[in-house]
Protein chains: 2
Amino acid sequence: MATIRDVARLAGVSVATVSRVINKTDSVNPETAGQVMKAIEQLQYEPNAVARGLAGKKMGIIALILPDILNPFFPALARGVEDVAHKKGLTVILGNSDDLGLKESSYIKVLKKKYVDGFIFASNTIHEEDVEALRKEQIPIVLLDRGLNTASCAVIRSNNREGSKLAVKHLIEQGCQKIAHIYGPQELITARERMLGYEEIAGRLREYSPSLMEQGDFDIESGRKAVEQLLVRHPDLDGIFAGNDLMAVGALKALHERGIRVPEQVKVCGFDGIGLTEITEPELTTIAQPVYEMGGLAAQILLDEIESGIRENKLIELDVTLIPRKSTHKEES
Amino acid sequence: MATIRDVARLAGVSVATVSRVINKTDSVNPETAGQVMKAIEQLQYEPNAVARGLAGKKMGIIALILPDILNPFFPALARGVEDVAHKKGLTVILGNSDDLGLKESSYIKVLKKKYVDGFIFASNTIHEEDVEALRKEQIPIVLLDRGLNTASCAVIRSNNREGSKLAVKHLIEQGCQKIAHIYGPQELITARERMLGYEEIAGRLREYSPSLMEQGDFDIESGRKAVEQLLVRHPDLDGIFAGNDLMAVGALKALHERGIRVPEQVKVCGFDGIGLTEITEPELTTIAQPVYEMGGLAAQILLDEIESGIRENKLIELDVTLIPRKSTHKEES
DNA sequence: CTGAAAGCGCTAACAG
DNA sequence: CTGTTAGCGCTTTCAG
């Protein structure tokens, strides 16, 4: 592997000059530059990223810390991040935090030592101090689905409240009158927002009652259990809005087990728009988030910040869209 | 951030000594070592990974190149890799190759410059030359699901042929007599092996015919299409063994659309054991690969190789297991 | 067992 | 516009 020295020698210039033409960091006489370029070509020279990193404190790597890549929500996010990073020549380090603050801290600690250029946290448990610490060291961060309180960096999320309202309105349009909601863990702002959206619309219904809400954990099993509870209290419910798709799948399962037909007797709507929703029977109506785009956008903002050195601090809220499918289909009368 | 120099100064020794106690690379007087340790504690010293990388050509990073993290087979693999890597203090870079040889080469090029310690390729299109090149540079590699021809590094895969035999035998036990097979792209050794396993067992059936096989692309849509073709030729088939779970899901969909009941009229079995198989209706019988374990093992072997510097070159074939579910359930008579 | 010093390959003042 | 040189922080001979 040729080094910058080899290039300098062959081109008959100093390493500084070579560095300049590579990084366009200073003007260089076009002719000299030409010589250098030629030498680079000839030697097939490629700058060593590690040496560069040591000198400049940037390795051309961004870190993506998410709860668990096994959760079907995250692969699309990861892909979104990776695609834009790769396009810009950066690489992505993946970390699974399991929503453990400690694991997040541990990733941060290790990755800082590797001079990663920036962090994207899609994790729900980052310690405020960790964010502050990174901020202080001028390491760019982008947060996904976090509250406003952490106003010291860019935050991306989708419009959860509006999405919920969309969902409930849709259920009503399809003829539902008694709509239950399975909400996610209330530590998560997304879960809270979705619940609020539900209450805002469902609260107006004659049949509404707070007991139409039941907690879940954003996983399939909890969705199933929640429905079992709900059916005890409200055997006559005719619509279920689950706080995410996994719980909606669980709901579908519970209903199926009980011989309750979807959508004829009960209509079900999820949230997220993950691929699973297309393979259930019936296919699941859902509020789709632009997950891939969110990942791409997060990466984009992060890269901009890395390049410019300017912190953006903005909160971006993306629109969601209703994808009507069989599970909420209105029977023609 | 304290440097090794600070530690040396505080401990009253040379940097070389500090380096020695950190890396246990040479014996040091226990007392001196103690001093050094104390200094390290006091200064909260953490060695800089990039400087280390530049000096030693290893960044404590491994690269995982797979076709597409969006394919539900890969998250578990990635998680397996990441978990063991993280346990050993290494980090994982993720690359999506889309099974494009060019993209793989591009990842290799970029990552070599970053002194990654090793590569895991779960991708199907690595150029033989690329592998050889890495080999020559002594960069450890582990391959997943590759043929034997690339005998120059460790290869992990699961016993696809036996798995297929298991599947077909199971279908026969459940009463199937005319079993079709949807096979995957024949460039993939996994797809070929599964097909061979099918032929070996199904070939003995009275009703067997080569026209019971139809090609698919390992995705849902192709599974659906394949079944449509198969039903034209063999309206009376009573079992389908799909080369992977996604195609099995497609098969389920096609059958459902045609009003053919599973498992009563046709039984369906998939291959892989991805999570999707638990949420279809009916739930899908499948041959499960230990995907998470495969990832963990790949990482383990890679790390061993990185640490020892000894190439292992072994081929490891993991066992698969039949997971019987509703989609192949035999009706009690 | 320990220290001095030469890199690893590149960037970024600082002169000129 | 260009060259010299001092780091970045650590590892690793080579002496002692």
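Order of the sequence lines fixes the chain letters, A, B, ..., with proteins taken first and strands second; residue numbering starts at 1 for each chain.
- Of the listed nucleotides (C/dA13, D/dT12, C/dG9), C/dG9 has the atom at the smallest distance from the side chain of A/Ala51.
- Defined by atom type and a distance below 3.5 Å, a donor-acceptor pair is present between the side-chain atoms of B/Ser105 and B/Asp130.
- Pairing each heavy atom of A/Gln289 with each of A/Met294, the nearest pair is OE1-SD, 3.7 Å.
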Handout entry: Steps toward side chain to side chain contact (heavy atoms under 4.5 Å, CB included) verdict (B/Tyr292, B/Asp83)
Key = CA-CA 10 Å; B/Tyr292 178 82; B/Asp83 278 357; 2.4 Å; yes
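- No engagement by A/Val50 is indicated, since no non-hydrogen atom pair under 4.0 Å with the nucleic acid exists.
- For the pair A/Ala33 and B/Asn48, nearest-nucleotide mapping onto DNA chain D gives the more 5' position to A/Ala33.
- With DNA chain C read from its 5' end, the first of the two nearest nucleotides for B/Gly56 and A/Ile22 is the one closest to B/Gly56.
- Atoms NZ (A/Lys57) and P (C/dT11) sit 14 Å apart, rounded to a whole Å.
- Each of C/dC8, D/dC10, C/dA12 was ranked by its minimum atom distance to the side chain of B/Leu54; first place goes to C/dC8.
- As judged by a 4.0 angstrom heavy-atom cut-off over every strand, A/Thr25 is placed among residues making no nucleic acid contact.
- Rounding to whole angstrom units, CZ of residue B/Arg52 and P of D/dT12 are separated by 10 Å.
- In this structure, A/Tyr45 reaches the C/dC10 phosphate: one of its side-chain N or O atoms is under 4.0 Å from OP1 or OP2.
- Rounded to a whole Å, the CD atom of B/Glu31 is 12 Å from the P atom of C/dC1.
- For C/dG9, the OP1/OP2 oxygens have no side-chain nitrogen or oxygen of A/Thr3 closer than 4.0 Å.
- The CZ atom of B/Arg20 sits 12 Å away from the C1' atom of C/dA5 (whole-angstrom rounding).
- Dashed line: the shortest gap from a side-chain N or O of A/Ser14 to OP1 or OP2 of D/dT4 is not under 4.0 Å.
- OP1 and OP2 of C/dA12 both lie 4.0 Å or more from every side-chain N or O belonging to A/Ser19.
- Between B/Thr17 and C/dG3 there is a side-chain N or O to OP1 or OP2 distance below 4.0 Å.
- A/Val84 and A/Gly80 get closest at one heavy-atom pair: CG1-O, 3.2 Å.
- Nucleotide D/dC10 holds its P atom 10 Å from the CG atom of B/Asn23, rounded to whole Å.
- Enclosure of atom CD in A/Glu137 by more than 12 non-hydrogen atoms of other residues, nucleotides or ligands within 6.0 angstrom is indicated.
- In this structure, the nucleotide among D/dG9, C/dC10, C/dT2 sitting nearest to the side chain of B/Ala55 is D/dG9.
- What separates CD1 of A/Ile4 from P of D/dG3 is a distance of 12 Å, to the nearest Å.
- Nucleotide C/dG16 holds its P atom 22 Å from the CG atom of A/Asn29, rounded to whole Å.
- Taking atom NZ of residue A/Lys58 and atom P of nucleotide D/dC8, one finds them 18 Å apart after rounding to whole Å.
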